[in-house]
Protein chains: 2
Amino acid sequence: MPAFTPVANPAALIAATVEAIRPADGDAANRADERQGRLTKPPGALGRLEGLATRIAGITGHDRPHLDQRLVIVAAGDHGVTAQGVSAFPAEVTAQMVANFLAGGAAINVLASQAGARVLVVDAGVRSETPVHPDLLRLRLGPGTDDISRGPAMTRVLAERAIAEGIALFERERASGGVDIVALGEMGIGNSTSAAAIVATVTDRHPRSVTGRGTGVDDTHYELKVAAIERALQVNAPDPTDGVGLLAALGGFEIGVLAGAYLAAAAARVPAVIDGVISGAAALVAQAIAPDAVDAFIASHRSVEPGHHAMLEHLRLEPMLDLGMRLGEGSGAALGISLCVAACRLLDEMATFDEAGVSDSEDVVEPEV
Amino acid sequence: MPAFTPVANPAALIAATVEAIRPADGDAANRADERQGRLTKPPGALGRLEGLATRIAGITGHDRPHLDQRLVIVAAGDHGVTAQGVSAFPAEVTAQMVANFLAGGAAINVLASQAGARVLVVDAGVRSETPVHPDLLRLRLGPGTDDISRGPAMTRVLAERAIAEGIALFERERASGGVDIVALGEMGIGNSTSAAAIVATVTDRHPRSVTGRGTGVDDTHYELKVAAIERALQVNAPDPTDGVGLLAALGGFEIGVLAGAYLAAAAARVPAVIDGVISGAAALVAQAIAPDAVDAFIASHRSVEPGHHAMLEHLRLEPMLDLGMRLGEGSGAALGISLCVAACRLLDEMATFDEAGVSDSEDVVEPEV
């Protein structure tokens, strides 16, 4: 287990982190853009990879950013709302999948390896016991959240603690291995219910319009899921502008930890890659706490979950991939890391017209008469 | 320069290659599909990555395909039709970019490196001199094609030779370094004019509807481009079912070499990744010669070139990426290789529910009453 001392003053750490967050660096982005125009390709021919590299230049403040140290955080937590029959899988699967992550058998292990990223697994609040393991940070903020259809997911104190621990773990990772880009993933049976409740609140939409099938519930359990979210919103009446309150009301622990990691990444000028609907819900919580944090976010893929579209629209982010994925774990975000790395390597490593001695598009041949 | 003896009997090599092409292996694809259902994820949660791995299983005949040896072929050639003012860049840029590929300064160098692929550059018929270099295969089938707006691009004998040399070079690569997946890219000022003419012929559409801005021509030169294609179709009256004739009529040398490489890949059961509109035009030529070859093709990205959409529809292929790219060189296909590798690694490396001791979705919790 990584060295881990609980954060002494969560509220103070959150406040200091929010204070450090700045908007994107327009000068660095402009310098990157200017370089794009001199590289040996027709202007704009690399399409969205050009804008992506420019965005990362703005986030990092470097006009030729290097993304060598890559981290995937997979935060896991359980959800009391599973008692309402909202998921196609039993709650024990959360702990079982944590073991699978540690054994290297899950999709995120493969995709992180492919992206050249290390994986940190976080037990944010798994109900069953999780193993002591060098790659597992055992925060264990609670034995799963309380059932949001009957009251708040957690106390406000615990919500602050979850966010602060997310900040602290990101800072420890940065201090030890370094972090040039981070993907935020999660695992938690029932957490697409929490996420949909957060999206409905923040984007002011009806729960049904932002609730999907998660891991694949049938019609009966889908209706139970929508009903549970409707009750959660009635019972808790969450305030969309109060990020900590939103998390306390609707959960979960893993969403709180990820929200903290988003804030810490933004404060450290590290691009934070959003995965699917749960990772995105954490981004919404982070945005509610610090609106400028969004400048550091990158949308990786468009999930098939309907809430994902609504949230990305709210964050004004356009995803790069649309592969019909709906797994979570950071799987789409890991693919996104590879695109970010490709975009930044192109910006950095390609020759300019001058360097390569290639003619520019000024001297067009006129037609023979 | 790689060892290279001209193909003795081009027509015989093409015929033998076509003879060896078989449809996809449905059994291997089914076994891959069956395995997908046992991996530790909700069924279908990896979206199109699952279908991609299944397709590659069908192509290769292996239910857990490994894509370790990755090749990008970049074939370059010049086009007589540039005399009609169809391009935003002067023709000298073809040879200059070949030098840039060899120096490692082009986008494809970066993206191939990112995909773990080696790059073979082919001078299929560049007008200016190209250097002797270990990574350059100097076929030099002609000093660029003839102007297709005034007659055929090349003789039928040369068209056969281009295709046969494409087959031979793929076979040499397979015999030396091995090839588990290949991306087909190109460089050639004026070749989006050839490609649009081929697409218009094969898909039976009006030239204007499949002609794009290529490297970025202005309105005046765009009209010249459309007019040149219209004249090329009138003068040559190409038969869309005669692949060799199509190539002879509309060119270019690099398109012929790529068409041969597509055929050789299909015969060798190696996935062949299509890049943009010129690479796709070569795929159309290959399909006209051997319809079953399409089973081995994978569409990587959707180019902004309008002809690309028409051609992928004709080939019944759905691209994975849509990033607004329009560079060529194999750039989108190199990104596609990474997705193929990710898809196959997921299929091969992920644990099954049984192996990981993870509960399946049978035991859904019923709601509390």
Side-chain angles (χ1 to χ4, degrees), chain A residues 40-49 82-85 87-93 96-97 99-100 103 105-107 109-111 113-114 215-216 221 224 304 320-327 331 335 338-339 341-342 345-346 349-351 355-359 361 363-368, chain B residues 40-49 82-85 87-93 96-97 99-100 103 105-107 109-111 113-114 215-216 221 224 304 320-327 331 335 338-339 341-342 345-346 349-351 355-359 361 363-368:
Chain A
T40 44
K41 57 173 181 57
L46 285 167
R48 295 195 53 208
L49 293 179
T82 52
Q84 303 300 323
S87 177
F89 283 80
E92 300 80 62
V93 168
Q96 291 166 348
M97 283 301 295
N100 197 21
N109 299 102
V110 178
L111 293 171
S113 158
Q114 174 82 357
T215 50
H221 292 87
L224 293 170
V304 297
M320 293 175 287
L321 297 165
D322 188 357
L323 295 169
M325 294 171 74
R326 52 178 171 80
L327 179 60
S331 51
L335 291 174
S338 292
L339 286 180
V341 171
R345 287 189 58 187
L346 287 163
E349 298 177 25
M350 278 181 72
E355 286 165 358
V358 174
S359 308
S361 58
D363 190 26
V364 181
V365 176
E366 293 307 316
E368 289 171 6
Chain B
T40 44
K41 58 174 181 54
L46 285 168
R48 294 194 54 206
L49 294 180
T82 52
Q84 303 300 323
S87 178
F89 284 81
E92 300 81 62
V93 168
Q96 290 167 349
M97 282 301 294
N100 198 20
N109 300 103
V110 178
L111 292 172
S113 157
Q114 173 81 359
T215 50
H221 292 87
L224 293 170
V304 296
M320 294 176 286
L321 297 166
D322 189 357
L323 295 169
M325 294 171 73
R326 53 180 171 79
L327 178 61
S331 52
L335 292 173
S338 293
L339 286 181
V341 171
R345 286 189 60 186
L346 287 163
E349 297 176 25
M350 278 182 72
E355 285 165 0
V358 173
S359 307
S361 58
D363 190 26
V364 182
V365 176
E366 293 307 317
E368 289 170 9

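So you know, we letter chains A, B, ... as the sequences are listed, proteins then strands, and number each from 1.
B:Thr215 contributes no side-chain N or O that, together with a main-chain N or O of A:Pro42, makes up a donor-acceptor pair within less than 3.5 Å.
For chain A, the nearby parts of B:Val341 are the backbone and the side chain; heavy atoms of each come within less than 4.5 Å. When heavy atoms are compared at a cutoff of 4.5 Å, B:Ala103 does not approach chain A at all. The part of A:Leu321 that comes within reach of chain B is its side chain, from C-beta onward, which places non-hydrogen atoms under 4.5 angstrom from that chain. If you measure heavy-atom distances from A:Ala342 to chain B, the contacts under 4.5 Å come from both the backbone and the side chain.
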Next item on the list: Starting from the C-alpha separation in whole Å, work towards a yes-or-no answer on side-chain hydrogen bond (donor to acceptor under 3.5 Å, both in side chains) for A:Ser338 and A:Gln114.
Entry: CA-CA 8 Å; A:Ser338 292; A:Gln114 174 82 357; over 6 Å; no

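Shortest non-hydrogen contact noted between A:Thr82 and A:Ala91 is OG1-CB, 4.2 Å. Scanning both residues, A:Ala106 and B:Thr40, for their nearest heavy atoms gives CA-OG1, 4.3 Å. Taking every heavy atom of both residues into account, B:Asn100 and A:Ala356 meet most closely at OD1-CB, 3.5 Å.
Looking at heavy atoms from C-beta onward, A:Met325 lies in side-chain contact with A:Leu335 at the 4.5 angstrom threshold.
For the options A:Glu355, A:Met97, A:Arg345, A:Met320, heavy-atom pairs under 4.5 Å to chain B are most numerous at A:Arg345. Between chain B and the residues A:Ala45, A:Gly44, A:Gly105, the largest count of heavy-atom pairs under 4.5 Å involves A:Ala45. When each of B:Arg48, B:Met350, B:Arg326 is checked for heavy-atom pairs under 4.5 Å with chain A, B:Arg326 comes out on top. Across B:Ala99, B:Gly324, B:Gly216, B:Ser331, the residue that shares the most heavy-atom pairs under 4.5 angstrom with chain A is B:Gly324.
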